[in-house]
Number of protein chains: 2
Amino acid sequence: MLLSTKGDYGVRAIIDLAKHEGEGPVQRAEIARRRQIPEAYLDHLLAQLRRDGFIRSTRGPAGGHQLAKPADEICLLHLLESLEGSLAPMQCLENDDPEDEAICGQGWVWQEIYDDMRAKLAATSLSDLASHEREHERERATAARYVI
Amino acid sequence: MLLSTKGDYGVRAIIDLAKHEGEGPVQRAEIARRRQIPEAYLDHLLAQLRRDGFIRSTRGPAGGHQLAKPADEICLLHLLESLEGSLAPMQCLENDDPEDEAICGQGWVWQEIYDDMRAKLAATSLSDLASHEREHERERATAARYVI
DNA sequence: GTATTGTCGACCTTTCCGGTCAACATCGTA
DNA sequence: TACGATGTTGACCGGAAAGGTCGACAATAC
């Protein structure tokens, strides 16, 4: 049931782009360093995000990657479906094959869970993720100050 | 994100036992045939369910498997956690490691989804699954009658 | 004691995940 | 216009886990 690293790393990466929105292209190497993702592997994730129109990339010196549209027009559901493929927890939720459904047994329970999940992911935008992270950093910073 | 076949097959199998509750032991071969599960593989799933006290088995001629407690005292959450291990969609939801959480980015969204999911699975009992299946069969039967 | 069932663990095969690499395209700059 | 920095792409690889098989053994009814 685990999300694969594609979804995890890929979203981390694009959050990084969101946090540097408006500052020009961000290089692969920078993202990889800040988010602790192998550089070569990050390539594939960025390529996928580009294919699906979430980011655009510029080559050459001072090139890099940036969001292709505003962060609040990108939702987590679409990102994850781009990176991971379908998120369905059971095959029988995708085929309309009634044969499958007949033998499935627990499919109807997962259908509800799946619907709720998609709704929640669709309601979460990239800017939500970015601002949540900023919030989190601020908390940690003040916490650290008190400890010292 | 897919549930593995363990969770799928294993639940199918125990639903079968629930539907034959009170009729004495059900043989592995019968379950395998009705639910389309490789017989040798089914062994492992039944073994796991036995280890965790959901079913009990009797050897020898006319032996087989049956529920160890009433179907409405067994919930889907416990079944799946027995068969699949943890259902957490991200690692960072299980470790309490704050390091992880700091870099995770989308963990907080999945925490909510995970909680909802567990609640729903905990609220679904094995007898719910069995009666839902009976209902489904009845519908198909009447539908077929009309078609003919 | 024999046939019938379940029990257990070793083993095999296939698939896919995570990751690397090399060859290439594109662009800025001197 | 040549060079170097960057992104682009697809082939490739190793290892782990999933899915499944097999064989030897234990218990029980008859």
Side-chain angles (χ1 to χ4, degrees), chain A residues 1-14 16-17 24-33 35-68 80 83-87 89-91, chain B residues 1-14 16-17 20 23-33 35-68 80 83-87 89-91:
Chain A
M1 283 294 297
L2 278 182
L3 215 62
S4 82
T5 55
K6 282 179 196 151
D8 188 355
Y9 288 173
V11 170
R12 285 189 203 182
I14 201 172
D16 203 82
L17 297 187
V26 180
Q27 277 99 350
R28 180 179 64 162
E30 244 183 298
I31 304 173
R33 186 179 46 75
R35 302 290 163 164
Q36 300 178 21
I37 304 169
E39 221 171 305
Y41 190 42
L42 184 53
D43 266 358
H44 295 299
L45 311 177
L46 292 173
Q48 185 58 42
L49 291 173
R50 184 169 358 96
R51 269 193 290 276
D52 286 341
F54 296 110
I55 66 176
R56 61 197 161 81
S57 312
T58 45
R59 303 188 184 196
H65 309 268
Q66 50 197 317
L67 294 184
L80 288 175
L83 292 160
E84 295 263 344
S86 165
L87 296 177
M90 302 194 75
Q91 291 245 333
Chain B
M1 284 292 298
L2 276 183
L3 214 62
S4 82
T5 55
K6 282 179 194 150
D8 189 354
Y9 288 174
V11 170
R12 285 189 203 181
I14 202 172
D16 203 83
L17 296 187
H20 294 80
E23 300 175 17
V26 180
Q27 278 98 350
R28 182 179 64 164
E30 245 184 298
I31 304 174
R33 184 180 47 75
R35 302 291 164 163
Q36 299 179 21
I37 305 169
E39 209 171 323
Y41 190 41
L42 184 53
D43 263 2
H44 297 300
L45 312 177
L46 292 173
Q48 185 59 42
L49 291 172
R50 186 168 358 96
R51 270 192 290 277
D52 286 343
F54 296 110
I55 67 177
R56 63 195 160 83
S57 313
T58 45
R59 303 188 185 195
H65 309 267
Q66 49 197 317
L67 295 184
L80 288 175
L83 292 160
E84 295 262 345
S86 165
L87 297 176
M90 302 194 75
Q91 291 245 334

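Not measured: the values here are computed from a predicted model.
Side-chain proximity of B:His44 to the nucleotides D:dA18, C:dT20, C:dG9 is greatest for C:dG9. Listed nucleotides: D:dT21, C:dG18, D:dT28. Nearest to the side chain of B:Pro61: D:dT28. Counting only heavy atoms from C-beta on, A:Arg28 has its side chain closest to D:dT8 among D:dT8, C:dC17, D:dA11. Counting only heavy atoms from C-beta on, A:Gln27 has its side chain closest to D:dT6 among D:dG20, D:dT6, C:dG19. Comparing D:dT8, C:dG19, D:dG20 by their nearest atom to the side chain of A:Arg50 picks out D:dT8. In the set D:dT21, D:dA11, C:dT7, the nucleotide with an atom closest to the side chain of B:Pro38 is D:dT21.
Atoms NE2 and CG, on A:His44 and A:Leu49 in that order, are 13.0 Å from each other to the nearest 0.5 Å.
The phosphate of C:dG18 (OP1 or OP2) has a side-chain N or O of A:Ser4 nearer than 4.0 angstrom. Within the 4.0 Å cut-off from OP1 or OP2 of C:dC21, not a single side-chain nitrogen or oxygen of A:Tyr41 is found. Between B:Arg59 and the phosphate of D:dA29, there is no side-chain N or O to OP1/OP2 separation shorter than 4.0 Å. An OP1 or OP2 oxygen of C:dG6 is reached within less than 4.0 angstrom by a side-chain nitrogen or oxygen of B:His65. Taking only side-chain nitrogens and oxygens, B:Ser57 never comes nearer than 4.0 Å to OP1 or OP2 of C:dG6.
Where A:Lys6 and B:Thr58 each meet DNA chain C at their nearest nucleotide, the meeting point lying more 5' is that of B:Thr58. Where B:Gly60 and B:Ala40 meet DNA chain D, the nucleotide closest to each residue was compared, and B:Ala40 sits on the side nearer the 5' end.
Taking the charged nitrogens against the carboxylate oxygens, B:Arg12 and B:Asp8 do have a contact shorter than 4.0 Å, which makes a salt bridge.
Between the P atom of D:dA5 and the CG atom of A:Asp43 lies a distance of 17 Å, rounded to the nearest Å. In this structure, B:Arg56 atom CZ and D:dT28 atom P are separated by 13 Å, rounded to whole Å. Atom CG of B:Leu3 is separated from atom P of D:dA17 by 18 Å (rounded to the nearest Å). Between the P atom of C:dC8 and the CG atom of B:Leu49 lies a distance of 13 Å, rounded to the nearest Å. As rounded to whole Å, 14 Å separates atom C1' of C:dT7 from atom CD of B:Gln48. Counting to the nearest Å, the C1' atom of D:dT9 and the CZ atom of A:Arg51 are 9 Å from each other. The nearest whole Å value for the distance from the CG atom in A:Leu46 to the C1' atom in D:dG7 is 10 Å. Remark: C1' of C:dT5 and CD of B:Glu30 are 13 Å apart, rounded to the nearest angstrom.
A heavy-atom distance below 4.5 Å is found between the side chains of B:Ile14 and B:Leu67. Contact of the A:Arg56 side chain with the A:Arg50 side chain is not registered, since no non-hydrogen atoms from C-beta on lie closer than 4.5 Å.
For the side chain to side chain contact (heavy atoms under 4.5 Å, CB included) with B:Leu17, the qualifying choice from B:His65, B:Glu23, B:Gln66 is B:His65, the only one to do so.
Without hydrogens or angle criteria, B:Glu39 side chain to B:Arg28 main chain gives no donor-acceptor distance under 3.5 Å.
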